[in-house]
Amino acid sequence: MKVAHLIAKFLAENGVRKVYTVSGGGDLHMIDAICRRDDIRIICPQNEQNAAYAADACARISGIGCAMATSGPGATHMVSGIATSYYDSVPVIYITGNQTRARLGTGLGVRQFGFQSMPFVECVQGFTKYAVIVMDEKDILYELEKCLWHAKEGRMGPVVIDVPDDIQRADVDETTLRHFEPTVSAISPMDLYSFMGDYKRPVIAIGWGVHLSGGRETARKMITRLGVPCVTTWGAADVMAGHPLYVGTWGTHGVRAANFAVQNADLVVAIGTRLDTKATGSPASSFAPKARLVMVDIDENELAKMAKIGRPCDTLKSDAKRYMEWLHISGDFAEWRARIDAWKEKYPAIQPEYRPGNPYRIMGLLGEYLKPTDMVVSDTGCPLAWAMQTLPFKGRFIHAFNQTPMGYGLGAAIGAAGEHPGRVVLLTGDGGLSECITEFATIDKHKLNIKIILFNNRGHAMCRQTQKQWLGGVYHGTSDKDLATPDFTAIAQAYGINCVGSMGEMMNNCAGPDFLEIKIDSEQGVVPQVRFGKSIEDADPALPPEELARIMNG
């Protein structure tokens, strides 16, 4: 069997149904091998970066994704996608085809020997679980198995396997190839799971790790069973949406009620969230100042960092789903829940004075059309933050939460549509859309059921908000003074995308791709938002000091 065919066979047998790829001299043999099978296929986006984003989104839904590119620029175009998968712990197999071994220039001391050859493995070792170049065809099965194990073991993440062209063409006897034998991870003893009677104001904070553990329904059942209010990171906003005990997303771009709950709690159990700077505010010592903090995570390094950043806490290395099945908190929390409900009522994301064109009102309108079968995908920027503070998710939500690259949206929507049988709704801004707009062609070619909603504020509004806060409101490089703002609707039409004039028209159209452009006030930012250097209860626009004091001392 040719190595390229063995690679295709291995992918298909391990759950990969689509490989997102752009053809080049280095990956043609693998593309050919995939296309000769009936149980796996290729999807060709317009560039390798969007192929990587599509594979990343695919893995968030199906549990494994795959993108493939040729050597040199094809491989480097995937770097943003690889980093995105790494920082969100998403299991994706990234395959690159390199020059033949004789053309790699190993040991010659030159920058480059073969055309488009480069040491890609060295480029990505800092943000992959495992990266390897296969230099002996007899190692191919061992390395494929090792890659898959690393991608899914412990804290998951991307792997890279670089296969020179002559290795792809080599013949091997599969029955004689060596196999990878994984080590078995030790399971931590289950402690720190029972909290009885001593706490009056508990909060459970859950993050993206709940999804990674397959614990979405477990989380909802746990909150119902315990009767404890729940806050989420952006990565878990779709887990608890609609639950009566869900307070909202917390952190520097969270909602006020959720931040007040965390900052007034006497017990915070954080499950599957690494408690990064966006979650804790700054300094980290200001986070949950009245609470016993318990952090449950799969990564020992994330647990150990808390003492180093000034917020020591009780820690437990554990799978999120397993821990949630055991967690027990007992007590009478009725008064605490009523206090939180009062905050939710007084500080809603959609303020009464907001007019119909306000993006928070638009998100509320979108929420009325969403169905449990809808999947929402977002690019980065203000549309993402507006959705996180407002949108009542009913199905899954997909975003690159930690790397959050501008231009993630269309590629990710393509990957989501490849795995999701229902409708995909994409939220994007003009900045993000400009970076991936050629993927309109891929969407049209495959007639994907993607509803694209563009929030056009003529520039980079989240950056403008920072400039307004710190640089006197002088908008260099972030407004249409410097940025091109084309006619996006005309471009969508040129690519064959159906353009509509209202949210209702779009969301009532069941089939095919649609595009809706909504003009947004360029001065509209994210409200509330916590500035750097402030604790998370103290967001802009600032509340009167006496009002904030009552909230924190009540």
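Note that the structure is predicted; figures quoted are calculated from it, not measured.
- Of the candidates K290, R201, E537, N264 forms a side-chain hydrogen bond (donor to acceptor under 3.5 Å, both in side chains) with just one, namely K290.
- For L245, the side chain to side chain contact (heavy atoms under 4.5 Å, CB included) criterion is met by I223, H243, R337, not counting sequence neighbours.
- Shown here for A59 and G65, the closest heavy-atom pair between the two residues is CB-N, 3.5 Å.
- No donor-acceptor distance shorter than 3.5 angstrom exists from the side chain of Q389 to the backbone of G248, with no hydrogens or angles considered.
- Residue E546 qualifies as enclosed at atom CD: its count of foreign heavy atoms under 6.0 Å is above 12.
- Listed by first then second residue, pairs satisfying salt bridge (charged side-chain N to carboxylate O under 4.0 Å, His left out) with a partner in residues 400-412 number zero, not counting sequence neighbours.
- Side-chain atoms of R311 come within 3.5 Å of backbone atoms of F287 as a donor-acceptor pair (strictly under, hydrogens ignored).
- Donor-acceptor pairing under 3.5 Å is recorded for the side chains of T478 and Q467.
- A pairwise comparison of heavy atoms in V268 and A265 identifies CG2-CB, 3.8 Å as the closest pair.
- A heavy-atom distance below 4.5 Å is not found between the side chains of V262 and V247.
- The minimum heavy-atom distance between A416 and A57, with the atom names listed, is N-CB, 4.1 Å.
- Around the CZ atom of F532, the shell of radius 6.0 Å holds no more than 12 heavy atoms that belong to other residues, nucleotides or ligands.
- With hydrogens and angles disregarded, a donor-acceptor distance shorter than 3.5 Å links the side chain of R220 to the backbone of A241.
- A distance of 12.0 Å separates OH in Y20 from CG in N50, rounded to the nearest 0.5 Å.
- Counting only heavy atoms from C-beta outward, the side chains of V377 and I450 never approach each other to under 4.5 Å.
- In this structure, R361 and R355 have side chains that are not in contact, with every pair of non-hydrogen atoms separated by 4.5 Å or more.
- Looking only at side-chain heavy atoms (C-beta outward), H211 and R216 come within less than 4.5 Å of each other.
- Residues L433 and F515 are in side-chain contact: their nearest non-hydrogen atoms beyond the backbone lie under 4.5 Å apart.
- Under the 3.5 Å distance criterion, the side-chain polar atoms of W250 are left unmatched by any main-chain donor or acceptor of R256.
- Looking at L391 and L427, their side chains come closer than 4.5 Å, going by heavy atoms from C-beta outward.
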**Asked** Step by step, would you call E523 with K468 a salt bridge (charged side-chain N to carboxylate O under 4.0 Å, His left out)?
**Response** CA-CA 10 Å; E523 291 295 315; K468 188 173 183 178; 3.8 Å; yes
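- The closest side-chain heavy-atom distance from P202 to F195 is not below 4.5 Å.
- Under the 3.5 Å distance criterion, the side-chain polar atoms of D379 are left unmatched by any main-chain donor or acceptor of T428.
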**Prompt:** Between M222 and I271, is a side-chain contact (heavy atoms from CB on, under 4.5 Å) present by the stated rule, with each step listed?
**Reply:** CA-CA 12 Å; M222 171 192 67; I271 307 170; 4.3 Å; yes
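- In this structure a side-chain-to-backbone donor-acceptor pair under 3.5 Å is missing from N498 to D514.
- C313 SG to M306 CE: the interatomic distance, rounded to the nearest 0.5 Å, is 4.5 Å.
- Side-chain atoms of H399 never come within 3.5 Å of backbone atoms of Y408 as a donor-acceptor pair (strictly under, hydrogens ignored).
- S85 approaches D56 most closely through the heavy-atom pair OG-OD1, 2.8 Å.
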**Worked check of side chain to side chain donor-acceptor pair (under 3.5 Å) between R274 and N402** = CA-CA 11 Å; R274 62 193 180 93; N402 292 304; 2.9 Å; yes
Under 3.5 Å, sequence neighbours excluded: what are the donor-acceptor pairs made by side chains of residues 340-352?
| unit_1 | atom_1 | unit_2 | atom_2 | d |
| --- | --- | --- | --- | --- |
| K344 | NZ | Y246 | O | 2.9 |
| Y347 | OH | E547 | OE2 | 2.3 |
| Q351 | NE2 | P348 | O | 2.7 |

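- Remark: E505 CD is packed, more than 12 non-hydrogen atoms of other residues, nucleotides or ligands lying under 6.0 Å away.
- One side chain, R155 or S89, offers a donor N or O that lies under 3.5 Å from an acceptor on the other.
- Nearest approach of P91 to G63, heavy atoms of both residues: CG-O, 3.2 Å.
- Taking 4.5 Å as the limit, every side-chain heavy atom of M462 sits out of range of all side-chain heavy atoms of L384.
- From H460, atom NE2 reaches atom OG of S434 across 7.0 Å, with rounding to the nearest 0.5 Å.
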**Request:** Go through T233 and F401 one step at a time and tell me if the side-chain contact (heavy atoms from CB on, under 4.5 Å) criterion holds.
**Result:** CA-CA 9 Å; T233 64; F401 299 102; over 6 Å; no
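- There is a side-chain donor-acceptor pair under 3.5 Å between N358 and Q524.
- When all heavy atoms of P383 and S378 are compared, the closest pair comes out as C-OG, 4.4 Å.
- The closest donor-acceptor contact from the side chain of D238 to the backbone of F397 lies under 3.5 Å.
- The main-chain N or O of T84 is never found under 3.5 Å from a side-chain atom of D88 such that the two would form a donor-acceptor pair.
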**Asked** Given N456 and F488, is the side-chain contact (heavy atoms from CB on, under 4.5 Å) satisfied, shown in steps?
**Response** CA-CA 9 Å; N456 187 350; F488 290 99; 3.8 Å; yes
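- Taking 4.0 Å as the cut-off between side-chain N and carboxylate O, R292 and D198 do not count as a salt-bridged pair.
- For the atom pair OG1 (T280) and CD1 (I536), the distance works out to 7.5 Å, reported to the nearest 0.5 Å.
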**Residues D266, K200; criterion salt bridge (charged side-chain N to carboxylate O under 4.0 Å, His left out); working and verdict** = CA-CA 7 Å; D266 59 5; K200 303 297 183 185; over 6 Å; no
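- Ion pairing between a basic and an acidic side chain is recognised when a charged N comes within 4.0 Å of a carboxylate O; E302 and K305 show such pairing.
- A distance of 10.0 Å separates CZ of R531 from CG of D538, quoted to the nearest 0.5 Å.
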**Asked** Are E435 and Q49 close enough, and set up right, to give a side chain to side chain donor-acceptor pair (under 3.5 Å), and what steps lead you there?
**Response** CA-CA 10 Å; E435 294 211 1; Q49 178 170 286; 4.9 Å; no
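- Between the side chain of D430 and the backbone N or O of N457, at least one donor-acceptor pair lies under 3.5 Å.
- With values rounded to the nearest 0.5 angstrom, R225 atom CZ is found 10.0 Å from T218 atom OG1.
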**Request:** Decide side-chain contact (heavy atoms from CB on, under 4.5 Å) for L293 and L275; before the verdict, give the C-alpha distance in whole Å, the side-chain angles of both, and the deciding distance to 0.1 Å.
**Result:** CA-CA 11 Å; L293 176 61; L275 296 180; 4.1 Å; yes
